[in-house]
Amino acid sequence: MARFAYVNGRFVRHADATVHIEDRGYQFADGVYEVVTVLGGEFVDKAGHLARLKRSLGELKIAPPFSDAVLETVMRTLVRRNGVKDGYLYLQITRGVAPRDFKFPKVSKSAIVMTTRRQPFKPELPSEAGVSVLTVPDIRWARRDIKSIGLLAQVLAKQAGAEAGAFEAWMVDPQGFVTEGASSNAWILTADGVLVTRQADNAILHGITGNSIEALAAEQGIKVERRPFTVAEALAAREAFLTSATTFCLPITQIDGKPVANGHPGEMSRTLRRAYFEYGKSRQDAPFGWPH
Ligand code: PLP
């Protein structure tokens, strides 16, 4: 367990960290969040995550609690205090505390909490078996591009996946197209060697990891097409994989219990995982991180 959390201006012992019962995050899920990977004590894709945070706050008209520079200092301090070399930082900003009323309060002070967790990251696959996904209907709201803390649909999707022995749930829209994973973006490699992932509109969260992976793939001359794909297309694909800050790039070898290609991780997902790890280690922020 991490030693410290950051809560509204103070570093407190994790076990003592609390927020008010009338925080609008608790009452209405009226807030946003970010998850930023830490590799070798440094943030990966920091600029992209902070830009997306700003955009999410702006879309909900929640005032940022501090400037970017102060935010970054607090993030770094927490990572250092908790001795995180590899792992991630979770940060959440809500509209703050106010008497319960659906409308925005006339006056409120945005509330912010941050926690960290240690997790090792390796360029190799965590398992040669790859991971499996379960498909579920996408029952979320229409602004999935906002990284909202309202995650109940994803909780239900992940739980259904876990009960079926799957690592991730792929959410499917009413037209039969995969939107994304419950906490990751969805990708396939077609038989003719084209990477396909859904276009970054309001139907999905614009993944920062996926954006960087797209650019790393393009650097290697791999064609990327941004369009929806169906579950049947994924099952017929050469490879399928998922991307997110905490998993980097993981090959999917089974969808609803059926094998993808020969049922083993493919070369493309291995290559892109390694490339993202190296990019993360290089401690640079990609100019292509956000917006794209
Ligand atoms: N899609 C959803 C719904 C997510 O929750 C996440 C990450 O939490 C992602 C995609 C991947 O985004 P990122 O690569 O920025 O972690």
Side-chain angles (χ1 to χ4, degrees), residues 29 31-39 43-57 59 75 87-93 115 117 119 121 131 133-161 167-173 177-188 195 197-217 224 226 228-229 240-250 252 269 272-273 275-277 279-280 285-286 288-292:
V32 302
Y33 75 108
E34 274 298 327
V35 177
V36 191
T37 295
V38 179
L39 198 56
F43 295 114
V44 178
D45 264 333
K46 183 191 67 205
H49 285 285
L50 293 186
R52 184 174 62 186
L53 175 66
K54 232 180 196 173
R55 180 176 180 277
S56 294
L57 288 169
E59 291 299 296
M75 289 166 67
Y88 55 90
L89 177 136
Y90 174 87
L91 92 80
Q92 174 173 315
I93 298 172
T115 52
R117 199 177 273 188
Q119 176 182 303
F121 292 112
V131 299
V133 299
L134 177 80
T135 60
V136 297
D138 196 335
I139 59 168
R140 296 175 298 163
W141 71 327
R143 287 304 308 275
R144 302 160 189 164
D145 55 310
I146 298 171
K147 200 163 167 66
S148 153
I149 57 173
L151 293 171
L152 193 50
Q154 283 102 313
V155 167
L156 297 178
K158 282 268 193 199
Q159 181 61 24
F167 175 83
E168 176 60 302
W170 264 9
M171 297 176 288
V172 179
D173 71 16
F177 293 106
V178 175
T179 51
E180 59 187 329
S183 63
S184 59
N185 289 112
W187 297 71
I188 57 170
L195 282 174
T197 192
R198 195 166 175 129
Q199 68 278 12
D201 54 19
N202 292 356
I204 63 165
L205 183 74
H206 307 182
I208 301 302
T209 317
N211 285 349
S212 293
I213 287 208
E214 177 177 3
L216 292 166
V224 181
R226 286 255 176 194
F229 60 84
F241 60 90
L242 58 88
T243 59
S244 77
T246 54
T247 59
F248 289 9
C249 172
L250 281 181
I252 294 166
S269 38
L272 293 176
R273 181 184 177 82
Y276 190 72
F277 185 87
Y279 156 71
D285 262 312
F288 41 74
W290 181 275
H292 61 94

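No hydrogens, no waters, no symmetry mates; every other heavy atom, side chains included, goes into these values. Counting starts at 1 for both ligands and their atoms, following the listed order.
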Would you mind writing out the side-chain donor-acceptor pairs for residues 150-161 within the sub-3.5 Å range, not counting sequence neighbours?
unit_1: K158; atom_1: NZ; unit_2: E168; atom_2: OE1; d: 3.0
unit_1: K158; atom_1: NZ; unit_2: S183; atom_2: OG; d: 2.8
unit_1: Q159; atom_1: NE2; unit_2: E163; atom_2: OE2; d: 2.7

Ionic contact status for E180 with R198, cut-off 4.0 Å: no
[X] near ligand 1, heavy-atom distance under 4.0 Å?
| X | value |
| --- | --- |
| V35 | no |
| H49 | yes |
| K147 | yes |
| G48 | no |

Under 3.5 Å: donor-acceptor pair, side chain of [X], backbone of [Y]:
| X | Y | answer |
| --- | --- | --- |
| N185 | L205 | yes |
| R144 | I204 | no |
| T179 | D173 | no |
| T135 | W170 | no |

Could you tell me which atoms of ligand 1, counted from 1 in the order shown, lie closer than 4.0 angstrom to a heavy atom of [X]?
| X | result |
| --- | --- |
| G207 | 12 (O), 13 (P), 14 (O), 15 (O) |
| G181 | 3 (C) |
| Y33 | 5 (O) |

Non-hydrogen side-chain atoms of F121 and V38 separated by less than 4.5 Å: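 Contact flag for F121/V38 side chains = no.
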Side chain proximity check, T247 to V131, heavy atoms < 4.5 angstrom: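 When only atoms from C-beta onward are counted, V131 and T247 do not touch, as no gap falls below 4.5 Å.
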Polar contacts were defined as any N/O atom of the residue lying under 3.5 Å from an N/O atom of the ligand; does this apply to [X] and ligand 1?
| X | value |
| --- | --- |
| H206 | no |
| A245 | yes |
| I208 | yes |
| R52 | yes |

Identify, for [atom], the protein heavy atom at the shortest distance, and state residue, atom and that distance.
| atom | answer |
| --- | --- |
| atom 11 (C) of ligand 1 | N185 OD1, 3.6 Å |
| atom 5 (O) of ligand 1 | S183 CA, 3.4 Å |
| atom 1 (N) of ligand 1 | E180 OE1, 2.6 Å |
| atom 14 (O) of ligand 1 | T209 OG1, 2.6 Å |

Where T37 and T246 come nearest, the two heavy atoms and their spacing: OG1-N, 4.1 Å
Nearest non-hydrogen partners of I146 and V32, listed with the distance: CG2-CG1, 4.2 Å
Location of contacts on Y88 toward ligand 1, heavy atoms closer than 4.0 Å: neither
Ligand 1 versus R144: contacting region, heavy-atom distance under 4.0 Å: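 Neither part.
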Residues which pass side chain to side chain donor-acceptor pair (under 3.5 Å) with T197, listed by chain and number, not counting sequence neighbours: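 Side chain to side chain donor-acceptor pair (under 3.5 Å) list for T197, sorted by chain: empty.
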